[in-house]
Q: 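Quick one: structure below, then a few questions.
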Amino acid sequence: MARLGSFQRLVAHFVDIADFLLVYIEEAHPSDGWVSSDAAYEIPKHQCLQDRLRAAQLMQEGAPGCPLAVDTMDNASSAAYGAYFERLYIIQEDVVMYQGGRGPEGYKISELRSWLEQYKSRLRSPSTVVIQV
């Protein structure tokens with residue numbers, strides 16, 4: 001939950017320049033599998049899409065106002081983006097501009113914040129172009 005709080009603050013700070021989307025993927029530490037001692041919820045391994053949708057609702061409660069998508073049961077999104085089990089991305093015009101490290105160690109909201117701050121700065125002061133005729 002602490003990560004969602006940090007993410008929510010990031011969303012609030014950069015809502016003027018970015019659209020944010022959470023994608024709920026396969027549960028990293030299901031309660032009936034490799035259990036984490038600091039898990040905020042007890043979520044069993046998803047047996048069907050309805051299980052995954054119910055679990056995703058818990059994530060949505062932790063980040064109200066942020067759109068949420070749910071990966072398919074074949075984990076197509078997670079596989080395509082190498083997101084096992086959490087990862088941060090910035091995508092512009094179908095191009096991955098930023099790919100954070102794999103979580104939990106590589107999940108660094110501070111890196112994402114830095115990228116967004118630099119981007120926002122570039123938006124405010126576009127480079128000057130001189131054209132001679």
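Values reported hereafter were calculated over all heavy atoms of this structure, with side chains retained and with hydrogens, waters and symmetry mates removed.
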Q: Looking at I43 and A55, what are the two nearest heavy atoms and their distance?
A: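 Heavy atoms only, the tightest pair is CG2-CB, 3.7 Å.
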Q: Do L10 and L116 come within less than 4.5 Å of each other through their side chains, counting heavy atoms only?
A: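 Yes. Closest side-chain heavy atoms under 4.5 Å.
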Q: Would you say L21 ends up clustered with F7 if hydrophobic residues are merged whenever their side chains have heavy atoms under 4.5 Å apart, either directly or through other cluster members?
A: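 Unlinked, F7 and L21 end up in two clusters.
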Q: Does one side chain, of Y98 or Q92, offer a donor that lies under 3.5 Å from an acceptor on the other?
A: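 The answer is no; no qualifying pair exists.
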Q: Atom CZ of R52 and atom CD1 of I25: how far apart are they, to the nearest 0.5 Å?
A: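 It is 8.0 Å, given to the nearest 0.5 Å.
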Q: Please enumerate all residues that pass side-chain hydrogen bond (donor to acceptor under 3.5 Å, both in side chains) together with S114, with sequence neighbours excluded.
A: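 side-chain hydrogen bond (donor to acceptor under 3.5 Å, both in side chains) list for S114, sorted by chain: empty.
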Q: To the nearest 0.5 Å, how far apart are CZ in R102 and OH in Y107?
A: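 Spacing of CZ (R102) from OH (Y107) equals 16.0 Å.
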Q: Output the distance between atom CG (D71) and atom CG (L49), rounded to the nearest 0.5 Å.
A: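 One gets 9.5 Å once the value is rounded to the nearest 0.5 Å.
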Q: How many angstroms lie between OG in S6 and CG in L112, if you round to the nearest 0.5 Å?
A: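 Going from OG on S6 over to CG on L112, the span is 11.5 Å.
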Q: Got a sec, which residues hit side-chain hydrogen bond (donor to acceptor under 3.5 Å, both in side chains) with R54, two or more places apart in sequence or on another chain?
A: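 Here the qualifying residues are D51.
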Q: Is it the case that the side chains of S121 and R124 hold a donor-acceptor pair, with the cut-off being a distance below 3.5 Å and no angle test?
A: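 No, because no side-chain N or O of R124 sits under 3.5 Å from a partner of the opposite role on S121.
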Q: Start with the C-alpha gap between I90 and Y119, add the side-chain angles, then the distance that decides, and say whether side-chain contact (heavy atoms from CB on, under 4.5 Å) holds.
A: CA-CA 11 Å; I90 293 176; Y119 177 71; over 6 Å; no
Q: Which residues pass the side-chain hydrogen bond (donor to acceptor under 3.5 Å, both in side chains) test with Q50, not counting sequence neighbours?
A: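 Checked Q50 against side-chain hydrogen bond (donor to acceptor under 3.5 Å, both in side chains); zero matches.
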Q: One pair to check against side-chain contact (heavy atoms from CB on, under 4.5 Å): I17 and L123. What are the steps and the verdict?
A: CA-CA 9 Å; I17 64 162; L123 288 176; 3.8 Å; yes
Q: Taking side chain to side chain contact (heavy atoms under 4.5 Å, CB included) as the definition, give me every residue that meets it alongside E117, ordered by chain and number, with sequence neighbours left out.
A: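 Side chain to side chain contact (heavy atoms under 4.5 Å, CB included) check on E117 returns F14, R113.
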Q: With sequence neighbours left out, what residues match Y24 under ring-ring contact (aromatic ring centres under 6.0 Å, His included)?
A: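 Scan of Y24 (ring-ring contact (aromatic ring centres under 6.0 Å, His included), adjacent residues dropped) gives H46.
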Q: Apply side chain to side chain contact (heavy atoms under 4.5 Å, CB included) to P44 and list each qualifying residue two or more places apart in sequence or on a separate chain.
A: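 Side chain to side chain contact (heavy atoms under 4.5 Å, CB included) list for P44, sorted by chain: S31, D32.
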Q: Q60: what forms a side chain to side chain contact (heavy atoms under 4.5 Å, CB included) with it, not counting sequence neighbours?
A: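 Q60 satisfies side chain to side chain contact (heavy atoms under 4.5 Å, CB included) with L68 only.
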Q: Quick one: do V15 and W115 end up in the same hydrophobic cluster if we chain Ile, Leu, Val, Met, Phe, Trp and Tyr together by side-chain heavy atoms under 4.5 Å apart?
A: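 In one cluster with V15: W115, no.
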Q: Report the residues that fulfil side chain to side chain contact (heavy atoms under 4.5 Å, CB included) with A12, sequence neighbours left out, ordered by chain and then residue number.
A: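 Testing A12 for side chain to side chain contact (heavy atoms under 4.5 Å, CB included), a comparison that skips the adjacent residues, returns none.
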Q: SG of C66 to CD of Q8: how many Å apart, nearest 0.5 Å?
A: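 Atom-to-atom, C66:SG and Q8:CD are 8.5 Å apart.
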Q: Not counting sequence neighbours, which residues clear salt bridge (Lys or Arg N to Asp or Glu O under 4.0 Å) with E27? List them please.
A: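 Not a single residue meets the salt bridge (Lys or Arg N to Asp or Glu O under 4.0 Å) criterion with E27.
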Q: Name all residues meeting the salt bridge (Lys or Arg N to Asp or Glu O under 4.0 Å) criterion together with D16; count only those two or more places apart in sequence or in a different chain, and write none if there are none.
A: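 With neighbours one apart ignored, the set is K120.
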Q: Who are the side-chain hydrogen bond (donor to acceptor under 3.5 Å, both in side chains) partners of D74, not counting sequence neighbours?
A: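 Expected list: T72.
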Q: Applying the 4.5 Å side-chain criterion to the ILVMFWY set and letting contacts propagate, would L58 and F20 be lumped into a single cluster?
A: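 Cluster IDs for L58 and F20 match.
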